[in-house]
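Below: the structure, in structure tokens.
Read the numbers this way: they start at 1 and go in the same order the structure lists the ligands and their atoms.
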Amino acid sequence: MLQFEHVTKRYETGHEALADVNFTLDAGEFAFLTGPSGAGKSTLLKLIMAIELATRGKVVVNGQSLEKIARRKIPVLRRQIGFVFQNHHLLFDRSVFENVALPLYIQGTEPREVARKVSAALSKVGLHDKAKHMPIGLSGGEQQRVGIARAVVTRPPILLADEPTGNLDVKSGEEVINLFKDLCANDGLSVLMVTHDPVLASMADRML
Ligand code: ADP
């Protein structure tokens, strides 16, 4: 699903953010990406999203090598990647349903399909009964779970999460990890999650 082969990223400043990085993340696999500030975690996520290109080496996302990816193909690539942010980035003037439906509206999905897929995604994260609620009325953990539903509603094969538990208490953080584990085991998703949290990192199957 995700493959890095001898990947080096040197920015224009001459700074080498990543040097000879090698790993593979298969379908259904869950790995934490950890390391101190400046270690290159964001750079690695940016290479997967083709926000930056590798200076050397090969990045392969869902079978596609990004070395010489055409600019017009980048939106197609990004549709295969769900992204969960630390601050969830929900729209507070829209309902939970509308927030989760957003990626489907962008893809031009027809309304009946939108309703079915949003309902499935909200069930997955245990918030089926909150579809009509506004995000402001939800707890931090619930808001993040809405963010996760939005990230998986289009059923991408890859999920990236950048410190998704950074603003949550331990229990809500553990719920998020268990949800990711469920998405890996039952939906075959590949999940790569950046975290600084040593307690959560101990729940890892795999650590990069
Ligand atoms: P992390 O996410 O682990 O904190 P980053 O990937 O943000 O690390 O950064 C890795 C290194 O690359 C840092 O030294 C940072 O200053 C540098 N860096 C990040 N982005 C750029 C950029 N656009 N231009 C130059 N240097 C950068």
Side-chain angles (χ1 to χ4, degrees), residues 1-26 29-62 64-75 77-90 140-141 143-144 147-148 150-152 156-170 172-174 176-177 179-181 183-184 189-208:
M1 265 314 126
L2 267 183
Q3 199 179 350
F4 273 55
E5 273 179 35
H6 301 294
V7 173
T8 292
K9 174 63 186 178
R10 177 174 292 134
Y11 284 109
E12 286 83 69
T13 53
H15 185 83
E16 207 167 73
L18 297 173
D20 197 23
V21 173
N22 295 281
F23 73 90
T24 301
L25 192 70
D26 289 326
E29 225 182 338
F30 180 14
F32 286 106
L33 178 61
T34 186
S37 187
K41 304 179 296 298
S42 304
T43 300
L44 195 145
L45 296 185
K46 284 178 186 165
L47 292 178
I48 296 169
M49 309 269 284
I51 293 169
E52 296 283 353
L53 292 180
T55 312
R56 278 198 305 279
K58 201 168 170 181
V59 177
V60 184
V61 177
N62 202 19
Q64 163 138 45
S65 173
L66 306 189
E67 277 164 297
K68 294 188 183 100
I69 188 168
R71 195 177 283 262
R72 68 187 160 75
K73 288 197 174 156
I74 291 179
L77 166 83
R78 292 193 185 143
R79 265 180 234 148
Q80 298 170 51
I81 303 168
F83 202 97
V84 180
F85 303 90
Q86 179 169 11
N87 290 315
H88 55 67
H89 292 300
L90 297 180
Q143 289 175 356
Q144 189 54 294
I148 295 168
R150 181 187 54 194
V152 300
I158 295 165
L159 187 68
L160 304 178
D162 195 359
E163 294 268 4
T165 61
N167 294 330
L168 302 181
D169 58 53
V170 175
S172 304
E174 284 175 1
V176 166
I177 308 279
L179 193 50
F180 286 162
K181 286 190 169 179
L183 287 165
C184 289
L189 231 74
S190 302
V191 178
L192 185 60
M193 169 176 155
V194 173
T195 185
H196 279 112
D197 189 325
V199 178
L200 291 180
S202 68
M203 292 172 76
D205 296 334
R206 190 168 167 208
M207 181 93 81
L208 299 174

| remark: Among Gly40, Gly38, Gly14, the residue with a heavy atom nearest to atom 4 (O) of ligand 1 is Gly38
| remark: Residues passing the salt bridge (charged side-chain N to carboxylate O under 4.0 Å, His left out) test with Arg10, sequence neighbours excluded, are Glu16
| message | Quick check: His15 and ligand 1, any N/O pair under 3.5 Å apart? | response | yes
| Got more than 12 heavy atoms from elsewhere within 6.0 Å of NZ, Lys73? | no
| task | Within a distance under 4.0 Å of any heavy atom of Pro36, pick out the atoms of ligand 1 and give their elements. | result | 3 (O)
| query | Is a donor on one side and an acceptor on the other found under 3.5 Å between the side chain of Arg56 and the backbone of His6? | reply | no
| query | Can a non-hydrogen atom of Ala39 be found less than 4.0 Å from any atom of ligand 1? | reply | yes
| query | Tell me: protein heavy atom nearest atom 18 (N) of ligand 1, and distance? | reply | Tyr11 CE1, 3.4 Å
| query | Which residue and non-hydrogen atom of the protein lie closest to atom 6 (O) of ligand 1, and at what distance in Å? | reply | Thr43 OG1, 2.5 Å
| For ligand 1, which atoms sit closer than 4.0 Å to a heavy atom of Lys41? | 1 (P), 2 (O), 3 (O), 4 (O), 6 (O), 8 (O)
| Phe4 CZ to Leu44 CG distance, which is reported to the nearest 0.5 Å | 4.0 Å
| said: Please check whether Ser42 reaches ligand 1 - meaning an N/O of the residue sits under 3.5 Å from an N/O of the ligand, judged on distance alone. | reply: yes
| said: So, taking the atom named CD in Glu174 and the one named CG in Asp169, what distance separates them when rounded to the nearest 0.5 Å? | reply: 9.5 Å
| task | Could you list which atoms of ligand 1 come closer than 4.0 Å to a heavy atom of Ala17? | result | 10 (C), 11 (C), 12 (O)
| said: Just verifying a value: how many Å separate Leu33 CG and Glu163 CD, rounded to the nearest 0.5 Å? | reply: 10.0 Å
